[in-house]
Novice: 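Pasting in a structure now, in structure tokens, and then I'll have a few things to ask.
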2 protein chains.
Amino acid sequence: MQLNRIVNFHKTIGDKTRIQIIALLKDGPLHGQAIAGKLGLTPPTISYHITKLRENDIIFQRRDKNTIYFHLNEKKLELMAQAILMIGGEKELDPFKVDDVEKYKVIQNFLDADGKLKTIPAQRKKKLIILEHLVKGLEKGRTYSEIEINEHIKQFHEDYATIRREFIICQFMFRQNGEYELNPKEMWLI
Amino acid sequence: MQLNRIVNFHKTIGDKTRIQIIALLKDGPLHGQAIAGKLGLTPPTISYHITKLRENDIIFQRRDKNTIYFHLNEKKLELMAQAILMIGGEKELDPFKVDDVEKYKVIQNFLDADGKLKTIPAQRKKKLIILEHLVKGLEKGRTYSEIEINEHIKQFHEDYATIRREFIICQFMFRQNGEYELNPKEMWLI
DNA sequence: CATCTAATTAGATTATAATCTAATTAGATA
DNA sequence: TATCTAATTAGATTATAATCTAATTAGATG
């Protein structure tokens, strides 16, 4: 139900602590203790809020040794900014529409604890969810060389060539004279 | 504090009942009992939610005899949709920036119980708040004849000519060969 | 494998928020 | 002015949510 998605998103960002976390992450990723320190709250409290933000796909995370860095998913904010205007006009047109809980489950299933991709999903819908996850962190409107894309993908999977091809086939990215760029239209699964 | 404004806005629309009210009002104004009926809730509950929506300038109201019709302030939704993206980048640049509580007070002071304008404020800031209030209900992107604008203003005040002129001077509207149109940029007081 | 660091979960407490019924207010009209 | 209609306020109840301390888990590293 589209309505619940919108309600949950706004309930999530309708909290001072969580807006502060978003504001902090605007300037780049941070780990939990850093956030707790800056906001004068305890790590469990931050965990609590981070969980809500993550469940709503507003942040994602990358581990570096013992430390988990939280990143803002700016794309989601842009997307939901638009969604306010569509309240009441929901049509549920796209069969590939999927909610955040479902996305979350698929991501859990296909990534191991390191955030490495175990296998590439065969089912189209699941594959789209995973590809969407893998382009998080790439900037919209910026061009990348093939080498940069390969490096980015290698964080998740050895077989960068296949995944790079999937990015193009599924239109998450465009290639133009050897340069890669994110598809600015990012409504794939919403 | 800009942060609180954003938090309150999202807290307000982060509620299923209130999103449903917004969705209903997308199709045109309704009175309290009608909303209560459609949502299966009691009038006091609707009053409670309406108060929150009104405090955040998401709806406004017009009385017709005994019945108060609630209207959606679509401009506010568009405005706040943009605001999500500016979290963390607040500068507080404009001295005419003003919060919803302040607006609300000014509107209370200058309008009588019927919603009629008692006097036109002399102070610029207050005048802007009132003019902004008076253009609520006009559609963006649509053109109006002078007669239509006059009629619209007469709902609030006899001296439509002065107010019509203020709309132009303060750039709430543009005039082009006898037709009037709302200024699509509507960030006046935010 | 013992230990360190960072994050999360469990459980309790406190603070907010949503909803109802009953009482009250405000305006319209016979 | 008496009465009707619609909306709001008061007060109580119940449900959610935010935060803490203490305990636990997961990885990294000597």
Side-chain angles (χ1 to χ4, degrees), chain A residues 3-4 7-22 24-25 29-56 58-71 104 108 111-116, chain B residues 3-4 7-22 24-25 29-56 58-71 104 108 111-116:
Chain A
L3 199 142
N4 272 322
V7 171
N8 284 333
F9 175 81
H10 292 289
K11 205 186 287 270
T12 302
I13 64 172
D15 175 90
K16 190 168 173 181
T17 304
R18 289 188 293 260
I19 285 280
Q20 287 177 312
I21 292 173
I22 290 173
L24 286 175
L25 297 184
L30 285 173
H31 59 277
Q33 314 253 346
I35 298 171
K38 280 173 194 276
L39 299 183
L41 294 167
T42 61
T45 302
I46 301 305
S47 252
Y48 168 78
H49 291 296
I50 287 287
T51 300
K52 298 207 163 206
L53 290 165
R54 192 175 38 219
E55 280 170 354
N56 282 276
I58 295 163
I59 60 168
F60 58 99
Q61 49 187 259
R62 301 278 184 260
R63 174 181 277 268
D64 176 40
K65 304 198 199 281
N66 242 320
T67 306
I68 295 172
Y69 287 89
F70 301 102
H71 299 241
Y104 186 75
Q108 291 296 314
L111 300 195
D112 67 19
D114 291 346
K116 300 280 185 190
Chain B
L3 198 143
N4 272 320
V7 171
N8 285 333
F9 175 81
H10 292 289
K11 205 187 286 271
T12 301
I13 64 171
D15 175 88
K16 189 168 174 180
T17 303
R18 290 189 292 264
I19 285 279
Q20 287 177 312
I21 293 173
I22 290 172
L24 286 174
L25 297 184
L30 285 173
H31 59 278
Q33 314 253 344
I35 298 171
K38 280 173 193 278
L39 298 184
L41 295 167
T42 62
T45 301
I46 301 304
S47 255
Y48 168 78
H49 290 296
I50 287 288
T51 300
K52 298 209 163 205
L53 289 165
R54 192 175 39 220
E55 281 170 354
N56 282 277
I58 295 163
I59 61 169
F60 58 98
Q61 51 188 257
R62 300 278 183 260
R63 174 180 278 268
D64 177 38
K65 303 198 199 281
N66 242 321
T67 306
I68 296 173
Y69 287 89
F70 301 102
H71 299 242
Y104 185 76
Q108 291 296 313
L111 301 195
D112 66 19
D114 292 344
K116 300 280 185 191

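The analysis underlying the following values was restricted to heavy atoms, covering all of them including side chains, and did not include hydrogens, waters or symmetry mates.
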Novice: For His49(A), which residues count as a side chain to side chain donor-acceptor pair (under 3.5 Å) partner, sequence neighbours excluded?
Specialist: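 By the side chain to side chain donor-acceptor pair (under 3.5 Å) rule, His49(A) matches Arg18(A).
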Novice: Would you sketch DNA chain C in dot-bracket for me? Only Watson-Crick or G-U wobble pairs with both distances under 3.5 Å count, crossing pairs as [ ], other-strand pairs as |, the rest as dots.
Specialist: ||||||||||||||||||||||||||||||
Novice: For the residue pair His31(A) and Tyr69(A), categorise the inter-ring angle as parallel (less than 30°), tilted (30 to 60°) or perpendicular (more than 60°).
Specialist: perpendicular
Novice: Could you tell me how far apart Arg63(B) (CZ) and dT25(C) (P) are, to the nearest whole angstrom?
Specialist: 16 Å
Novice: Using a cut-off of under 3.5 Å, enumerate the N/O to N/O pairs linking the protein to nucleotides 20-24 of chain C.
Specialist:
from: dC20(C); atom 1: OP2; to: Thr42(B); atom 2: N; distance (Å): 3.3
from: dC20(C); atom 1: OP2; to: Thr42(B); atom 2: OG1; distance (Å): 3.0
from: dC20(C); atom 1: OP2; to: Thr45(B); atom 2: OG1; distance (Å): 2.3

Novice: Mapping Lys65(A) and Thr17(A) to their closest nucleotides on DNA chain D, which lands nearer the 5' end?
Specialist: Thr17(A)
Novice: Once side chain to side chain donor-acceptor pair (under 3.5 Å) is applied, what residue pairs with a partner in residues 34-46 of chain B remain, sequence neighbours excluded?
Specialist: Thr42(B)-Thr45(B)
Novice: Working to the nearest 0.5 Å, report the span between CG of Asp15(A) and CD of Gln20(A).
Specialist: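 Reported value, rounded in 0.5 Å steps: 9.0 Å.
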Novice: List in chain and number order the residues that pass ring-ring contact (aromatic ring centres under 6.0 Å, His included) with Phe60(A), two or more places apart in sequence or in another chain; answer none if no residue qualifies.
Specialist: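 Scan of Phe60(A) (ring-ring contact (aromatic ring centres under 6.0 Å, His included), adjacent residues dropped) gives His71(A).
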Novice: Find the distance between CZ (Phe70(B)) and CD1 (Ile50(B)) and round it off to the nearest 0.5 Å.
Specialist: 4.5 Å
Novice: Can you tell me the distance, in whole Å, between the CD1 atom of Ile46(A) and the P atom of dT9(C)?
Specialist: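 Between P of dT9(C) and CD1 of Ile46(A): 15 Å.
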Novice: Start at the 5' end of DNA chain C and walk down; is the nucleotide closest to Gln33(A) or to His49(B) reached first?
Specialist: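 Checking each residue's closest nucleotide, the 5'-ward one belongs to Gln33(A).
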Novice: Please give me the minimum heavy-atom distance between Ala36(A) and Pro43(A), naming the atom from each residue.
Specialist: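 That closest heavy-atom pairing would be CB-N, 4.0 Å.
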Novice: How many Å lie between CG on Asn66(A) and P on dT25(D), as a whole number?
Specialist: 17 Å
Novice: When rounded to the nearest 0.5 angstrom, what is the spacing between CG in Leu39(A) and CD1 in Ile21(A)?
Specialist: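 CD1 of Ile21(A) is found 6.0 Å from CG of Leu39(A).
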Novice: Check side-chain contact (heavy atoms from CB on, under 4.5 Å) between Thr51(B) and all other residues, then give those that pass, not counting sequence neighbours.
Specialist: Arg54(B), Glu55(B)
Novice: Kindly give the atom pairs (protein nitrogen or oxygen, nucleotide nitrogen or oxygen) under 3.5 Å for nucleotides 14-17 of chain D.
Specialist:
none

Novice: Can you check the His31(B) NE2 to dG27(C) C1' distance for me, whole Å?
Specialist: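 Computing the His31(B):NE2 to dG27(C):C1' distance gives 16 Å.
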Novice: Test of understanding: with side chain to side chain donor-acceptor pair (under 3.5 Å), list the residues that count as partners of Thr12(B), not counting sequence neighbours.
Specialist: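 Once residues adjacent in sequence are excluded, the partners of Thr12(B) under the side chain to side chain donor-acceptor pair (under 3.5 Å) criterion are Asn56(B).
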Novice: Between CD1 of Ile35(B) and CG of Leu41(B), what distance do you get to the nearest 0.5 Å?
Specialist: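 If I round to the nearest 0.5 Å, the distance is 10.5 Å.
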